[in-house]
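Notes for the one structure printed next.
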Amino acid sequence: MNQILMNISDASFSDLLDKVSSGAELDREEWRMLLDRPDESPDQYLRARATEVARQHFGNGIYLRGLIEITSWCRNNCYYCGLRRSNRFASRYRLTTEDILSCCREGAGLGLNTFVLQGGEDDGQDDNWIENTIRAIRAEIPDQAITLSVGERSEDAYRRFREAGADRYLLRHETRNDAHYAQLHPAEMSASHRRACLRTLKALNFQTGAGMMIGTPGQTTDCLLDDIAFLEELRPQMIGIGPFIPAAHTPFAHRQAGSIPLTLRLVALMRLRFPHALIPSTTALATLNGGGRAAGILSGANVVMPNLSPLAVRGQYSIYDHKACQGGESATGLRLLEQELNQIGSRIVYGRGDYST
Ligand code: SAH
């Protein structure tokens, strides 16, 4: 009897995956059936399908993005983030334009063609400073892609960044559910403002990345269903999905980390839903589990972000505890990364990796 029930549910599971893969819209209850499965056994099948779809579109190539963590100062106070302004134990640093240029030079020397400048919302790196820094990078390395991940700014600032030569912008929406957003952020921050920023970025023709953490306190299946609906509406070119990891000296310091299997399930489902999207195998996945990066790729991810931050500050960008930033995670570990990828039948692609359909 159980066997029969199992087979029936597997059949409907694979029918639903066929439906997602065909590009047809699933209704909320169908998505719920895909997300709300206590049994992980069919996930092997889901991940294999997602990997196959990634390989149909990208071959076995994985794009690299050199991550430069430009400041650990932040004016915001997100409850989950170790860099929140109230964390007086966070160690703070701020790179200069010249520091960033030398990271880019090092990365370009290693063959990287995309740089991601990520940081807190730091008054010491205001809109003018960012604009000038983009121009300085552009002047030296005209061909590489410049990606920003520096939070919520005005439309005017985003336009100036774009005109200065930035190509892409990562701004995870974090959670589409407004009540859940309010559980993760103080009242001065708003989910709708963050979404408005994402729409502005898209309208300005940035290749835009949205995304969410998995397993943040208070997250329910319905929150994830709202996230999927939002991604379907926004259609970002990049989708970042990583597990929540507790950060010391934050209100969530003693909460549980997000589930790796659920994170991989979301990565795989988003690969099936958005076959052309650029989906990173996130540092958070690699942090929680030694095989996390490979598992992300074997669930349909096609991007990894080796850390190019100067060694002197490496480890101080503690958005969560024990963040992976060395070994295969550092640019000097590119060869190790290549080996790790080869073991799962993938390889590094050194192109810019722009979004294309
Ligand atoms: N200030 C920028 C960059 C934030 S750090 C911005 O607002 O976009 C990049 C991402 O790290 C965040 O968007 C968030 O999704 C993730 N992050 C922050 N704290 C985290 C934690 N404790 N666990 C897992 N991911 C976290």
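Both counts, for ligands and for their atoms, begin at 1 and track the order of listing.
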> When rounded to the nearest 0.5 angstrom, what distance separates CD in Glu121 from CZ in Arg75?
Replying inline: 5.0 Å
>> Checking Glu69 against Asn307: is there a side-chain donor and acceptor pair closer than 3.5 Å?
In response: yes
> Distance-only, no hydrogens or angles: does the Gln44 side chain make a donor-acceptor pair with backbone N or O of Ser41 under 3.5 Å?
Replying inline: no
> Can you list the residues that meet the side-chain contact (heavy atoms from CB on, under 4.5 Å) rule with Ser318, with sequence neighbours excluded?
Replying inline: none
> So which residues, sorted by chain and number, lie with a heavy atom under 4.0 Å of ligand 1?
Replying inline: Tyr80, Cys81, Gln118, Gly119, Gly120, Ser149, Gly151, Leu171, Arg172, Glu174, Arg194, Met213, Pro243, Phe244, Ile245, Tyr317, Ile319, Tyr320
> So, does Asn177 use its side chain to make a donor-acceptor pair with the main chain of His180 at under 3.5 Å?
Replying inline: yes
> Mind checking whether Tyr169 and Phe161 have parallel, tilted or perpendicular rings, split at 30° and 60°?
Replying inline: parallel
